[in-house]
Number of protein chains: 2
Amino acid sequence: MFSIGELSKRTGVKIPTIRYYEQMGLIDAPERSEGNQRRYSKEGPQRLSFIRHSRELGFTIEDIKGLLELSQHPDKPCQDADKIAVQRLSDVRARIAKLRRLERELKRITACQADNVASCAVIESLADHGLCDAEH
Amino acid sequence: MFSIGELSKRTGVKIPTIRYYEQMGLIDAPERSEGNQRRYSKEGPQRLSFIRHSRELGFTIEDIKGLLELSQHPDKPCQDADKIAVQRLSDVRARIAKLRRLERELKRITACQADNVASCAVIESLADHGLCDAEH
DNA sequence: TCTTGAACCTCTAGCTGCTAGAGGGATTAT
DNA sequence: ATAATCCCTCTAGCAGCTAGAGGTTCAAGA
C-alpha cells in the first residue's frame with residue numbers, strides 16, 4: 001500500500017497525470033485511506049508502467065484502453081493487439097518520411113549566406129512553396 | 001477583392017483557421033464589405049501561404065510572427081531568421097532520431113507469432129520496458 | 001424585383017494529453 | 001503538539017485548431 005506520490009516516483013508518471021489516467025478510465029480507482037487519500041497496491045505500478053511505455057511509443061489513450069482490455073483476456077487471439085501496433089508502426093514510418101523531407105528543406109534553407117532579409121533564403125523559401133523539393 | 005471562402009480555396013487554409021490566424025495577429029484584419037464580410041486583396045494569399053508553409057514545416061505561431069516581422073524589414077540582418085530555422089532543424093532531427101528508435105521497437109513488437117494474448121509480444125513488450133532496445 | 005440557397009458573421013465550446021494553481025484537509029516526523 | 005510535507009477536488013490553461021448554434025449577407029436565377 002503506497003501513496004500516489006510513491007507511485008509517481010516509482011513509475012516516473014507525474015501525480016496529476018496519474019489522476020488524469022484514473023479519470024480517463026485507464027486505471028481503476030484505488031482504495032482510499034481513512035482520510036480519503038489514494039492507496040495503491042503492488043499492481044499499481046505495473047499497469048501504470050504499461051501505460052507510460054505505451055504513451056512513449058505514441059499510442060493514444062484509446063489505443064491503450066484497447067490494449068489493456070486485451071491484456072485482461074489472455075485467451076483471446078492477439079491479432080487485435082498486433083493490428084494496433086502495426087497501425088502505429090505505419091504512422092511512425094509516415095512521420096519519419098515526412099520529417100526527412102522537412103529536414104532536407106530546412107537544411108537547404110539554413111544554408112543562407114545573405115546579409116539582410118531582402119535576399120534571405122529562409123524568408124524567401126517560406127514565402128514560395130514552389131521552391132520546395134517535395135510536397136508536404 | 002475576394003471573400004474568405006475564395007482565399008481559403010486558393011491557399012488551402014480552412015476558413016475557421018484563417019479567422020483564427022487573424023485573431024492571433026498573424027494576418028491583418030482585412031477590409032469589410034457593406035455587410036461586414038471580410039474582403040481580401042491580392043496580398044492576402046501571399047501572406048497566408050507563407051504562414052501555411054511555415055506551419056507545415058513545424059514552425060510555431062510565435063516563430064511565424066517573428067519571421068513575418070522580419071520579412072517586413074528587408075534591411076535587417078537575416079541572422080534572426082536563420083536562428084529560428086536552425087533551431088527548427090535541430091528539433092526535426094531530434095524527432096527523427098526518436099521516431100527511429102520507436103520504429104525499431106515497434107518492428108520488433110509486431111513480429112508477434114503467438115496465437116493468444118497470454119504470450120503475445122505486443123502486450124508483453126509494453127508491459128516490460130526492460131525489454132526495450134533503447135530508452136525513450 | 002423578389003426569392004432562394006449558399007456563403008458569411010460572431011460566439012462559445014470541444015478536441016488531446018496533460019499541467020498548474022487555488023484553497024483546503026491528511027499524514028508524518030520530531 | 002506542531003510544523004512540514006503530502007494529498008484532496010475543482011477549475012482553468014496550453015497549442016492549434018475544429019465544430020456548432022443562431023443569425024445576417026450576398027449573388028444568381030425567375
Side-chain angles (χ1 to χ4, degrees), chain A residues 1-27 29-40 44 47-68 84 87-88 91-92 95 98 102 136, chain B residues 1-27 29-40 44 48-68 84 87-88 91 95 98 102 136:
Chain A
M1 283 297 157
F2 38 84
S3 69
I4 196 169
E6 191 65 25
L7 181 60
S8 172
K9 254 178 230 151
R10 292 193 195 196
T11 58
V13 179
K14 286 180 187 154
I15 291 173
T17 305
I18 296 174
R19 291 198 276 246
Y20 172 74
Y21 288 159
E22 183 184 324
Q23 208 185 306
M24 291 298 102
L26 286 187
I27 54 182
E31 291 176 46
R32 300 284 182 135
S33 70
E34 293 268 298
N36 198 35
Q37 300 195 354
R38 289 170 179 81
R39 290 292 175 263
Y40 296 89
R47 200 176 169 93
L48 201 50
S49 295
F50 183 105
I51 294 167
R52 188 194 161 194
H53 192 186
S54 303
R55 284 290 305 135
E56 282 168 345
L57 289 174
F59 291 93
T60 66
I61 301 281
E62 282 310 303
D63 282 344
I64 297 170
K65 265 191 199 168
L67 291 169
L68 283 167
I84 295 175
Q87 176 61 52
R88 267 275 71 216
D91 285 0
V92 165
R95 266 158 66 194
K98 199 173 172 199
L102 299 195
H136 26 243
Chain B
M1 282 296 158
F2 38 83
S3 70
I4 196 168
E6 190 65 26
L7 181 61
S8 171
K9 254 177 231 151
R10 293 194 193 195
T11 59
V13 179
K14 286 180 188 155
I15 291 174
T17 307
I18 295 174
R19 291 198 274 246
Y20 172 74
Y21 287 159
E22 183 184 324
Q23 208 185 306
M24 292 297 102
L26 285 188
I27 55 181
E31 291 177 47
R32 299 285 182 133
S33 70
E34 292 268 300
N36 198 35
Q37 299 195 355
R38 289 171 178 82
R39 290 294 175 262
Y40 295 90
L48 200 51
S49 295
F50 183 104
I51 294 167
R52 188 194 161 193
H53 192 186
S54 303
R55 283 291 305 134
E56 281 169 346
L57 290 173
F59 292 93
T60 66
I61 301 281
E62 282 309 303
D63 282 344
I64 298 170
K65 265 191 198 169
L67 291 169
L68 283 167
I84 296 174
Q87 176 59 51
R88 269 274 74 215
D91 286 359
R95 266 158 65 194
K98 199 171 171 199
L102 299 194
H136 26 242

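Each chain gets a letter, A, B and so on, in the order its sequence line appears, and its residues count up from 1. Nothing here was measured: the structure is a model prediction, and the numbers come from that model.
Protein atom CZ of F2(A) is 16 Å distant from nucleotide atom C1' of dC6(D), rounded to whole Å. Regarding R52(B), its CZ atom lies at a distance of 15 Å from the C1' atom of dG16(D), rounded to whole Å. The nearest whole Å value for the distance from the CD1 atom in I18(B) to the P atom in dG16(D) is 17 Å. Taking atom CG of residue L7(B) and atom C1' of nucleotide dA7(C), one finds them 14 Å apart after rounding to whole Å. Regarding I15(A), its CD1 atom lies at a distance of 18 Å from the P atom of dC10(D), rounded to whole Å. Rounding to whole angstrom units, CD of residue E31(B) and P of dC9(C) are separated by 14 Å. Look at CD1 on I4(B): it is 15 Å from C1' on dC26(D), rounded to the nearest Å.
Inter-residue side-chain proximity for R38(A) and R32(A) is flagged as met; some heavy-atom pair is nearer than 4.5 Å. Counting only heavy atoms from C-beta outward, the side chains of P30(B) and E22(B) approach each other to under 4.5 Å.
Atom CZ in R47(A) sits 12.0 Å away from atom OH in Y40(A) (nearest 0.5 Å).
Look at R38(B) and you'll find a side-chain N or O under 4.0 angstrom from OP1 or OP2 of dC9(C). Here S3(A) does not reach the OP1 or OP2 of dC6(D): none of its side-chain N or O atoms lies under 4.0 Å away.
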Determine all donor-acceptor pairs shorter than 3.5 Å in which one atom belongs to a side chain in residues 2-11 of chain A; sequence neighbours excluded.
{"from": "S3(A)", "atom 1": "OG", "to": "G5(A)", "atom 2": "N", "distance (Å)": "3.4"}
{"from": "S3(A)", "atom 1": "OG", "to": "E6(A)", "atom 2": "N", "distance (Å)": "3.3"}
{"from": "S8(A)", "atom 1": "OG", "to": "V13(A)", "atom 2": "O", "distance (Å)": "2.7"}
{"from": "T11(A)", "atom 1": "OG1", "to": "L7(A)", "atom 2": "O", "distance (Å)": "2.8"}
{"from": "T11(A)", "atom 1": "OG1", "to": "V13(A)", "atom 2": "N", "distance (Å)": "3.3"}

Only pairs under 3.5 Å count here: list side-chain donor-acceptor contacts from residues 61-68 of chain A, not counting sequence neighbours, and write none if there are none.
{"from": "D63(A)", "atom 1": "OD2", "to": "T60(A)", "atom 2": "N", "distance (Å)": "3.2"}
{"from": "K65(A)", "atom 1": "NZ", "to": "M24(A)", "atom 2": "O", "distance (Å)": "3.2"}

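When each of I27(B), I51(B), L26(B) is tested with I18(B) by the rule side chain to side chain contact (heavy atoms under 4.5 Å, CB included), just one qualifies, namely I27(B).
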Take nucleotides 16-30 of chain C nucleotide by nucleotide from the 5' end and write B, S or -, depending on whether a protein heavy atom sits under 4.0 Å from the base, only from the sugar-phosphate, or from neither.
-BBB-----BSS---
